[in-house]
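So the structure is just underneath, and the comments pick up after that.
Because the structure is predicted, anything quoted here is derived from the model rather than measured. Sequential numbering from 1 along the given sequence is applied to the chain's residues. Read the numbers this way: they start at 1 and go in the same order the structure lists the ligands and their atoms.
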Amino acid sequence: MAETGSHHEVIVVGGGPAGLMAAGQAASRGLRGVLLEKKHLPARKLGITGKGRCNLTNTAAQDDFLRFFGHGAKFMRFVLGRFSSRDLVYFFNSLGLETEEERGGRVFPRTQQASDVVSTLVGWVKKTGVKIKSGRDVRKIVAEQGRVRGVVADKHGATEEFIRGENIVIATGGASYPATGSTGDGYALARALGHEIVPVYPGLVPLETAGDTAPMLQGLSLRNVQAGIYIQGRKQAEAFGEMLFTHFGVSGPIILPLSRGAVPALSRNQEVKLVIDLKPAVSHAALKSRISSRMHARGRKKISNLLKEFLPIKMIPVFLEKSGIDPDKPGSELTSREQKDLRMWGKELCMAITGYRSFNEAIITSGGVKLSEVDPRTMQSRKVSGLYFAGEVLDIDADTGGYNLQAAFSTGWVAGNSAAMK
Ligand SMILES: Cc1cc2nc3c(=O)[nH]c(=O)nc-3n(C[C@H](O)[C@H](O)[C@H](O)COP(=O)(O)OP(=O)(O)OC[C@H]3O[C@@H](n4cnc5c(N)ncnc54)[C@H](O)[C@@H]3O)c2cc1C
């Protein structure tokens, strides 16, 4: 195996937001560093975030911000205490990238281009003196007597090289969207050094439903609806906003956060149900009397026409087929049982959740390097000296809204600075 002559004070493995931030911070504090990236270019995933617009962070107050991290909140409190969302906005603004805030406190680059975030970040890292070596697939981290010595990397899939380093930051990301380079390598690297990996599964992911109702409604997008996830019959979470039916089930802005509760429950073989309320502003009783009075008042009209007042057009033939109601039947002949069916479709459309989509479609990875084995004040491993972690490789994940990128940038900032301060 070839050994490169150079010796680095810090080696960062992975060129996503966490790795770039760690490398740049370490170098700006005087460390000679190299960043090894598996793909031909760094930050492939960052370049597609926020549907190409990059939701960088969120302006939510710290306590609200932390709520979106679930079990990772305690860990993140230390990390955000060192590098907050305000610090991140200031960081990019001072590099010339202007930002703007949108609904829900979400922060985007003013140009609305994720590629501008990538070029600003990569440009800054290069200016700090970090050498970015792409096409380097790190296979192993060498440690002796409890401290890191260097890494073994495949160079463009051909030769293997050993690169010496005093500090090593693992910032290889999670396992979602593997085409961007995040293939879960960091879990094996960390495990080989004695770290425990909390089981990983897709997070913020579309859900699969039983039966053919969702496929029949494929393409129907609902706005201003309330959806709840029930696990073993108990409501676990709910969300208000937009969702979409697909050929396999459900997706869209309110489904992704709800998946954070559904996926672990499915992994435990628990019963998971999605209940959709198309009319959250109308009570069951009000809808019941509205249906009954409308059917009575305009009773000679065909039911298929009357339903337009109660259901989205695309849902009407599906409702009629599933309820076994003749579309030509006059409204006045709708039985009380059929009226109840209609009310339940409006207020409590229930679907059994049978599965979730793969890592290929997941926005983040849940699980990862166990947090109790990493010091949140420094991001240093509690097991191997000179080893640091940053970003999604850790067992940290949050809702949509800019929280995950902030976590990557903040943990990267802390790791880079701590390596330099040692
Ligand atoms: C479609 C999509 C949209 C998203 N939008 C948003 C959003 O708008 N806002 C938000 O907050 N979050 C968003 N996220 C989540 C966010 O992108 C991630 O949480 C974040 O990129 C994680 O950063 P990271 O640096 O830890 O890892 P990554 O960005 O995954 O980067 C890891 C890097 O390590 C490299 N690597 C992996 N293994 C090796 C190895 N063995 N050797 C060398 N290099 C290696 C990879 O090639 C990759 O470049 C989105 C995610 C997706 C998939």
Using a cut-off of 6.0 Å, state whether more than 12 heavy atoms not belonging to [X] lie near its atom [atom1].
X: Tyr90; atom1: OH; result: no
X: His156; atom1: NE2; result: yes
X: Arg223; atom1: CZ; result: no

Mind checking whether [X] contacts ligand 1 via backbone (N, CA, C, O), side chain (CB onward), both or neither, at a 4.0 Å heavy-atom cut-off?
X: Thr180; answer: backbone
X: Arg136; answer: backbone
X: Pro17; answer: both
X: Asp137; answer: both
X: Ala407; answer: neither
X: Leu36; answer: backbone
X: Lys45; answer: side chain

(message) Just to confirm my output: which protein heavy-atom neighbour is closest to atom 51 (C) of ligand 1, and how far is it?
(response)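 Residue, atom and distance for the closest contact: Ile363 O, 3.2 Å.
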
(request) Just need the protein heavy atom nearest to atom 5 (N) of ligand 1, so name the residue and atom and give the distance. (result)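 Minimum-distance protein heavy atom for atom 5 (N) of ligand 1 reads Gly50 N, 3.0 Å.
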
Of the listed options [options], closest to [atom] (non-hydrogen atoms):
atom: atom 47 (O) of ligand 1; options: Lys38, Glu361, Lys133, Glu37; result: Glu37
atom: atom 22 (C) of ligand 1; options: Glu392, Lys39, His40; result: Glu392
atom: atom 53 (C) of ligand 1; options: Phe389, Tyr403, Tyr177; result: Tyr177

Please determine, by modelled atom types, if [X] and [Y] share a side-chain donor-acceptor pair under 3.5 angstrom.
X: Glu101; Y: Thr59; value: yes
X: Thr99; Y: Asn93; value: yes
X: Lys38; Y: Ser134; value: no
X: Asp185; Y: Thr172; value: no
X: Arg343; Y: His284; value: yes

Ligand 1 atoms in contact with [X] (distance to a heavy atom under 4.0 Å):
X: Asp185; result: 38 (N), 39 (C), 40 (C), 41 (N)
X: Gly391; result: 26 (O)
X: Gly181; result: 36 (N), 37 (C), 38 (N), 46 (C), 47 (O)

(request) Flag the pair His195 / Phe389 as yes when their ring centroid distance falls below 6.0 Å, and as no otherwise. (result)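 Judged by ring-centre distance (under 6.0 Å), His195 and Phe389 do meet the cut-off.
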
(message) Would you say the ring centers of Phe359 and Tyr177 fall short of 6.0 Å from each other?
(response)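 Judged by ring-centre distance (under 6.0 Å), Phe359 and Tyr177 do not meet the cut-off.
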
Does [X] reach ligand 1 with a nitrogen or oxygen that is under 3.5 Å from one of the ligand's nitrogen or oxygen atoms?
X: Leu405; result: yes
X: Ser182; result: yes
X: Gly174; result: no
X: Leu56; result: no
X: Gln406; result: no
X: Ala18; result: yes

(request) May I ask whether Pro42 places a heavy atom under 4.0 Å from ligand 1? (result)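 So Pro42 does not count as touching ligand 1.
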
(request) Going by the salt bridge (Lys or Arg N to Asp or Glu O under 4.0 Å) test, name the single residue among Arg139, Lys140, Arg136 that passes it with Asp154. (result)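 It is Arg139, the one option of Arg139, Lys140, Arg136 that forms the salt bridge (Lys or Arg N to Asp or Glu O under 4.0 Å) with Asp154.
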
(request) Look at the aromatic rings of Phe92 and Phe409 and report parallel, tilted or perpendicular, splitting at 30° and 60°. (result)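 If you compare the ring of Phe92 with that of Phe409, the planes turn out perpendicular.
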
(request) Classify the ring geometry between Trp413 and Phe83 as parallel (under 30°), tilted (30 to 60°) or perpendicular (over 60°). (result)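 Aromatic pair Trp413/Phe83 classed parallel.
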
